[in-house]
Amino acid sequence: MTGDGCVLCARAGTLAHSDPGWLLRTGHWGVSTHPAIPAPGWVAVQTLRHTEGLAGLDDVEAAELGPLLARLSAAVTRVTGSERAYTYSLGEGSPHTHVLLGPPRRDLRGAAFLTGLLRRDGSLADEAAALRVARDLAAELAAGNTPTT
């Protein structure tokens, strides 16, 4: 399950014991809070085995990703009240297949918001709110209140 020296593989090994840990875990993907900044509603979707980009996914992982992102987007918008959920995946800082997904803030949107998120702008962080939203998301996902296809 781990790639030598992979930060996300190492993090995945500790998530089962942390709070809030995995918000959702499927056979091939794990969803947790954003690993770098506690921005409310932002989650990381990562492969459970070490892969280094979408081209490295097997057929099952690839088939599961689209419906999973749709399900998460619906849950994030419902729980946060946001009109939409943004997604991005660069893989430069951590070469492990992962997609970051979450809502913009009402007062900061588009490129300005994503730039702040990428720079880990402390004004986007709110640990208490991020934990509260993570728990609400986990409950929403566990209840199956979001479409899977």
Does anything in residues 99-108 pair up under salt bridge (Lys or Arg N to Asp or Glu O under 4.0 Å), and if so which pairs, sequence neighbours excluded?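 Sorted pair list: Arg105-Asp107.
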
Considering non-hydrogen atoms only, spot the tightest contact between [X] and [Y] and give its length.
X      : Y      : value
Arg49  : Gly56  : NH2-O, 3.0 Å
Ala130 : Ala39  : CB-C, 4.2 Å
Thr33  : Ala134 : CG2-CB, 3.6 Å
Pro40  : Val133 : CB-CG2, 4.3 Å
Glu52  : Pro95  : CG-O, 3.1 Å

Does some side-chain heavy atom of Leu48 sit less than 4.5 Å from a side-chain heavy atom of Trp22?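 Yes; the side chains approach each other to less than 4.5 Å.
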
Report yes if some heavy atom in the side chain of Leu68 is under 4.5 Å from a heavy atom in the side chain of Leu24; otherwise report no.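 Side-chain contact under 4.5 Å: yes.
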
Hey, is the main chain of [Y] close enough, under 3.5 Å, to the side chain of [X] for a donor-acceptor pair?
X     : Y      : answer
Glu61 : Thr47  : no
Arg71 : Leu141 : yes
Thr14 : Arg11  : yes
Thr87 : Leu101 : no
His98 : His96  : yes
Ser82 : Arg84  : yes

When Ile, Leu, Val, Met, Phe, Trp and Tyr are grouped by side-chain heavy atoms lying under 4.5 Å apart, directly or through other members, which residues fall in the same group as Tyr86?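 Result for Tyr86 is Ile37, Trp42, Tyr88, Leu90, Leu100, Leu108, Phe113, Leu114, Leu117, Leu118, Leu124.
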
Distance alone, cut at 3.5 Å: any donor-acceptor contact between the side chains of Thr26 and Glu64?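 Side-chain D/A pair, Thr26 to Glu64: present.
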
Mind checking whether Leu8 and Leu57 sit in one hydrophobic cluster, side chains of I, L, V, M, F, W, Y counted as touching below 4.5 Å?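 Different hydrophobic clusters.
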
Is there a path of hydrophobic side-chain contacts, each under 4.5 Å between heavy atoms of I/L/V/M/F/W/Y residues, joining Val79 to Leu69?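 Cluster IDs for Leu69 and Val79 match.
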
According to salt bridge (Lys or Arg N to Asp or Glu O under 4.0 Å), who are the partners of Arg135, at least two apart in sequence or on a separate chain?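 For Arg135, the residues satisfying salt bridge (Lys or Arg N to Asp or Glu O under 4.0 Å) (neighbours in sequence not counted) are Asp19.
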
Let me confirm one number: the CG-CG distance from Leu72 to Leu137, rounded to the nearest 0.5 Å.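 One gets 8.0 Å once the value is rounded to the nearest 0.5 Å.
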
